[in-house]
Asks: 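Encoded as structure tokens, here's the structure I'll be asking about.
Letters A, B, ... mirror the listed sequences (proteins, then strands); counts begin at 1.
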Amino acid sequence: MPYSPLPRSFYDRDVVVVARELLGKLLVRQVRGRLTVGRIVEAEAYLGRGDPANHSYRGQTRRNTSMFGPPGHAYVYPIHSRYCLNAVTEPAGTPSAVLLRAVEPLEGVAAMQRRRETEVLRDLARGPGRLCEAFAVDRALDGYDLTLGRELWIAEPDAPAAPCETIVTPRIGVTSAHDLPLRFALANCPYVSGRRSLMPLGAGPLGAPARRGGRGAR
DNA sequence: CTACCGATTGACT
DNA sequence: GTCAATCGGTAGA
């Protein structure tokens, strides 16, 4: 069966492991029988304990209730007139989650272009707010069960894409815990957000050529 | 009720 | 590179 959803056991593990392993998986959205699919190329872990950047750091509120629930559900929150999509991880009571920051558009590109009001592939789902717009994810999906395979889920790709190097960096946009390397992304992937040159894990300071202003494809 | 502030984006120097 | 629009969530009076 194509695009069968990852089981709950996938999410019921350490949030950092889940974040890393979500790279390369497929984000699938179904609206009125139409599929929108993208390959996850960037994700961030938000720890269930001792992470001041996590919305749950100061306890449970109306907004972050989904994070306190069982793993394998969505945590969707609004910010700056946009939405951000997370996958809740670890057992219920441990408020950890993985923020999906970018996907490579694969299927349903026309729908994404319509929702995003741009034709530019690279701009369809690069960044958490854009991703939600492209995939028609809003507050109605907060708490939604990602293992059902009906409206929104994550699937294993049929044929794994060419092996890609993973880079690890601090999380983008957070105002605390800058030191924690909890952002994971595919190296040299044009669909990854962020503005800095990205250093492959384990590469020396001068080992990796920084990508400069050139836009490449358009 | 008011005040402050982002897990952002897009426009601009 | 820098910057502010924008609005719901949260805390506090």
Asks: Within less than 4.0 Å of OP1 or OP2 of C/dG9, is there a side-chain N or O belonging to A/Thr61?
Replies: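 No, outside the criterion.
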Asks: Between A/Arg183 and B/dA7, is there a side-chain N or O to OP1/OP2 distance below 4.0 Å?
Replies: no
Asks: Nearest to the side chain of A/Cys84, which nucleotide is it out of B/dT8, C/dT10, C/dG8?
Replies: B/dT8
Asks: Over how many whole Å does the gap from A/Arg115 atom CZ to B/dT9 atom P extend?
Replies: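 Rounding to the nearest Å, CZ of A/Arg115 and P of B/dT9 are 17 Å apart.
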Asks: Which nucleotide in the set C/dC7, C/dG9, B/dG6 lies at the smallest distance from any side-chain heavy atom of A/Ile79?
Replies: B/dG6
Asks: Kindly point out which of C/dG9, B/dG10, B/dT9 is positioned nearest to the side chain of A/Arg130?
Replies: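 Looking only at side-chain atoms, A/Arg130 lies closest to B/dG10.
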Asks: Check A/Arg115, A/Arg29, A/Gln30, A/Glu107 against A/Thr36 for a side-chain hydrogen bond (donor to acceptor under 3.5 Å, both in side chains) and give me the one that passes.
Replies: A/Arg115
Asks: Just to confirm, is there a sub-4.0 Å distance from OP1 or OP2 of B/dT8 to any side-chain nitrogen or oxygen of A/Arg101?
Replies: yes
Asks: Given B/dA7, C/dT6, C/dG9, which nucleotide is nearest the side-chain atoms of A/Thr175?
Replies: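 Selected nucleotide: B/dA7.
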Asks: A/His80 side chain: which of B/dA7, C/dA5, B/dG10 is closest?
Replies: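 Selected nucleotide: C/dA5.
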Asks: Go through the side-chain N and O atoms of A/Asn64 and A/Ser56 and say whether any donor and acceptor fall under 3.5 Å apart.
Replies: no
Asks: Report the distance from atom CZ of A/Arg63 to atom C1' of C/dG9, rounded to the nearest whole Å.
Replies: 6 Å
Asks: Quick one: A/His55 NE2 to C/dG8 C1', roughly how many Å, whole number?
Replies: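 Whole-Å distance recorded here is 12 Å.
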Asks: Using a cut-off of strictly less than 4.0 Å, decide whether A/Arg171 has a side-chain nitrogen or oxygen near OP1 or OP2 of B/dG6.
Replies: no
Asks: Which nucleotide, in any strand shown, forms a Watson-Crick or G-U wobble pair with B/dA7, with both distances under 3.5 Å?
Replies: none
Asks: Go through B/dA7, C/dG8, B/dG10 for me and flag the one nearest to the A/Arg116 side chain.
Replies: B/dG10
Asks: For A/Tyr46 and B/dA7, is the gap between ring centres under 5.5 Å while the planes differ by less than 30°?
Replies: yes
Asks: Which nucleotide in the list C/dT10, B/dA7, B/dT9 gets nearest to the side chain of A/Arg62?
Replies: C/dT10
Asks: Which nucleotide, in any strand shown, forms a Watson-Crick or G-U wobble pair with C/dT6, with both distances under 3.5 Å?
Replies: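 When the pairing criteria are applied, nothing turns out to pair with C/dT6, so the answer is none.
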